[in-house]
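To start, the structure itself, in structure tokens.
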Amino acid sequence: MLLIPAVAGCGSDGDDEPKNVSAKTAALGTITPGVIKVAVQPYAPYTSVQGDRIVGLDGDILAYAAKKLGLEVKPQVTDFAGMLAGVQSRRVDITIGGVAWSADRQKQGLFTDPPYYSPPAMAVRSGKTYKTVDDLKGLQLGTVEGYVWVKSIQAVPGAELHAYPDANGVFDDLGAGRVDVGFLDPLIIIAAQKERPELKIDTQYMTPPTAAQVKAKPAYEYFQPYQTGFYLPKKATKLEKAVSAQIDAMYENGELEKLVKKYGGDPEQFLKPSADVATARRGVDRPQDWTPPSIAQ
């Protein structure tokens, strides 16, 4: 999720250590041996908490990895800023839910390998087609307040920004014809198509702007795909490597394709990295020869 956060806190649940924790699991270095404390916000269908379980795409990915590692998942509900702050202060072991990798964030925490890549998605009225940034010129464009798409929209010639407190405002005005295109995370749009058919909206994926376009207008970079990651405290090196290894295995064994499809996503869009993914992280928080995980080309 490409949100510009404020600073907030996130508490600890103080649960006791579970019984019969193996030495291998204990060596992962979680705050409570055998437990992985996870900060999440309600952000279906990526993350939501039902009882003591995190459900949604990110929740399912973490649950798979945690089971393989012998860890019990303990969710702590907060907001997006609290998710980041909880990790950076090590009050939780990890946070998940469309967290975008950035050079600044990695200075204060660790990112796993990308569990998926979030493509630039547009909610549009049925029958309308927009493919490139040039197609957006002069249109009414909506997104949620604080999302970095605000900056991108403001850079589109002649376009008018409509910023809303939440995604429902975007969808309401899109359905009413007051907005031409809404920029939101793709699974949010796909879910709204199913849950609110009366809006008559479709999901379209943008052809990302070229390098020359981004150079001319740097704010256009947010119209490009972004790599997500699970975010951990800076000292949680063993846990990060273990979770990354499970994520990489899920690309290989088909588990990620299955989960992306479960939530209506296109694996070709979500599970193949763009060229800038590797260059962004090589020599920053990955080795110079790092290859981002991908499904078969």
Side-chain angles (χ1 to χ4, degrees), residues 1-2 10 24-25 27-31 35-41 43 46-47 54 56-76 80 83-88 90-118 185 225-253 255-257 259-260 265 267 270-274 276-295:
M1 178 189 325
L2 288 168
C10 171
K24 186 176 181 180
T25 297
L28 294 173
T30 54
I31 296 168
V35 172
I36 185 166
K37 297 178 181 178
V38 190
V40 292
Q41 69 168 343
Y43 197 63
Y46 294 91
T47 52
I54 306 171
L57 177 59
D58 289 68
D60 286 0
I61 295 170
L62 181 65
Y64 181 95
K67 184 177 181 180
K68 292 288 186 180
L69 297 173
L71 292 167
E72 180 183 355
V73 176
K74 292 286 187 180
Q76 297 183 10
F80 190 74
M83 287 162 51
L84 301 184
V87 163
Q88 291 163 1
R90 202 173 180 243
R91 293 195 295 276
V92 295
D93 294 297
I94 196 168
T95 190
I96 64 174
V99 181
W101 181 93
S102 73
D104 285 339
R105 284 179 186 160
Q106 67 82 34
K107 291 176 183 176
Q108 301 179 72
L110 301 176
F111 277 92
T112 63
D113 282 0
Y116 56 88
Y117 309 94
S118 192
D185 284 315
Y226 68 89
Q227 56 174 311
T228 68
F230 294 166
Y231 192 47
L232 300 89
K234 202 68 175 175
K235 293 184 178 180
T237 53
K238 291 182 180 179
L239 182 60
E240 181 276 312
K241 288 178 181 178
V243 175
S244 287
Q246 293 301 324
I247 288 170
D248 294 350
M250 294 173 75
Y251 278 88
E252 295 290 333
N253 65 20
E255 188 69 21
L256 279 176
E257 286 188 67
L259 290 177
V260 167
F270 278 76
L271 299 177
K272 290 187 175 181
S274 57
D276 64 334
V277 168
T279 55
R281 295 184 71 171
R282 285 175 180 164
V284 179
D285 68 343
R286 287 296 184 269
Q288 290 288 357
D289 60 352
W290 178 66
T291 300
S294 176
I295 57 173

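Everything numeric here is computed off the predicted structure, so don't read it as measured data.
- Considering all non-hydrogen atoms of both residues, Gly229 and Pro115 come closest at CA-CD, 3.7 Å.
- In this structure, the side chains of Arg281 and Gln106 stay at 4.5 Å or more apart for every pair of heavy atoms.
- Here the shortest heavy-atom pairing between Pro273 and Tyr117 reads CB-CZ, 3.5 Å.
- With hydrogens and angles ignored, the 3.5 Å screen pairs no side-chain donor or acceptor of Thr47 with any backbone N or O of Asp58.
- Taking both residues in full, the closest heavy atoms of Arg105 and Ala100 are given as NH1-O, 2.9 Å, listed atom of the first, atom of the second, then distance.
- Counting heavy-atom neighbours within 6.0 Å of Lys67 NZ, excluding the residue itself, gives a total of 12 or less.
- Summarising the geometry, atom CG belonging to Leu28 is positioned 10.0 Å from atom CG belonging to Asp93; distances are rounded to the nearest 0.5 Å.
- In this structure, Arg90 and Gly29 approach most closely via the heavy-atom pair NH2-O, 2.8 Å.
- Checked by atom type and distance alone, the side chain of Gln88 never pairs as donor or acceptor with a backbone atom of Ala85 at under 3.5 Å.
- Side-chain atoms of Asp285 do not come within 3.5 Å of backbone N or O of Leu110 as any donor-acceptor pair.
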Give the C-alpha distance, both sets of side-chain angles, the deciding distance and a yes or no for salt bridge (Lys or Arg N to Asp or Glu O under 4.0 Å) between Arg286 and Asp113.
CA-CA 9 Å; Arg286 287 296 184 269; Asp113 282 0; 3.0 Å; yes

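- Of all heavy-atom pairs between Ala278 and Trp290, the closest is CA-CZ3, 4.0 Å.
- Note that CD1 of Ile96 and CD of Gln41 are 11.0 Å apart. Values are rounded to the nearest 0.5 Å.
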Would Ile61 and Tyr46 satisfy side-chain contact (heavy atoms from CB on, under 4.5 Å), going step by step from the backbone distance to the final call?
CA-CA 10 Å; Ile61 295 170; Tyr46 294 91; over 6 Å; no

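- For Lys37 (side chain) and Val73 (main-chain N/O), no donor-acceptor pair under 3.5 Å exists by modelled atom type.
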Stepwise, does the side-chain contact (heavy atoms from CB on, under 4.5 Å) test hold for Phe230 with Val87?
CA-CA 10 Å; Phe230 294 166; Val87 163; over 6 Å; no

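- Distance check, rounded to the nearest 0.5 Å: OG1 of Thr112 to CD of Glu240 gives 6.5 Å.
- Atom-to-atom distance recorded for Thr25:OG1 and Leu239:CG is 10.5 Å, nearest 0.5 angstrom.
- In this structure, NZ on Lys238 lies 14.5 Å from CG on Leu232, to the nearest 0.5 angstrom.
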Apply side-chain contact (heavy atoms from CB on, under 4.5 Å) to Phe111 and Val99, showing your working.
CA-CA 9 Å; Phe111 277 92; Val99 181; 3.9 Å; yes

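- Atom CD in Gln288 sits 8.0 Å away from atom CZ in Arg282 (nearest 0.5 Å).
- Checking side-chain atoms of Thr228 against main-chain N and O of Tyr116 turns up a donor-acceptor pair under 3.5 Å.
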Please step through side-chain contact (heavy atoms from CB on, under 4.5 Å) for the pair Val243 and Gln246, ending with a clear verdict.
CA-CA 5 Å; Val243 175; Gln246 293 301 324; 5.6 Å; no

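- Side-chain contact check for Arg91 and Gln76: no donor-acceptor pair (N or O, by modelled atom type) lies under 3.5 Å.
- Side chain of Thr95 to main chain of Ala39: a donor-acceptor pair is present (N/O by atom type, distance under 3.5 Å, no hydrogens or angles).
- Counted by atom type alone, Ser274 and Asp276 present one or more donor-acceptor pairs between their side chains at under 3.5 Å.
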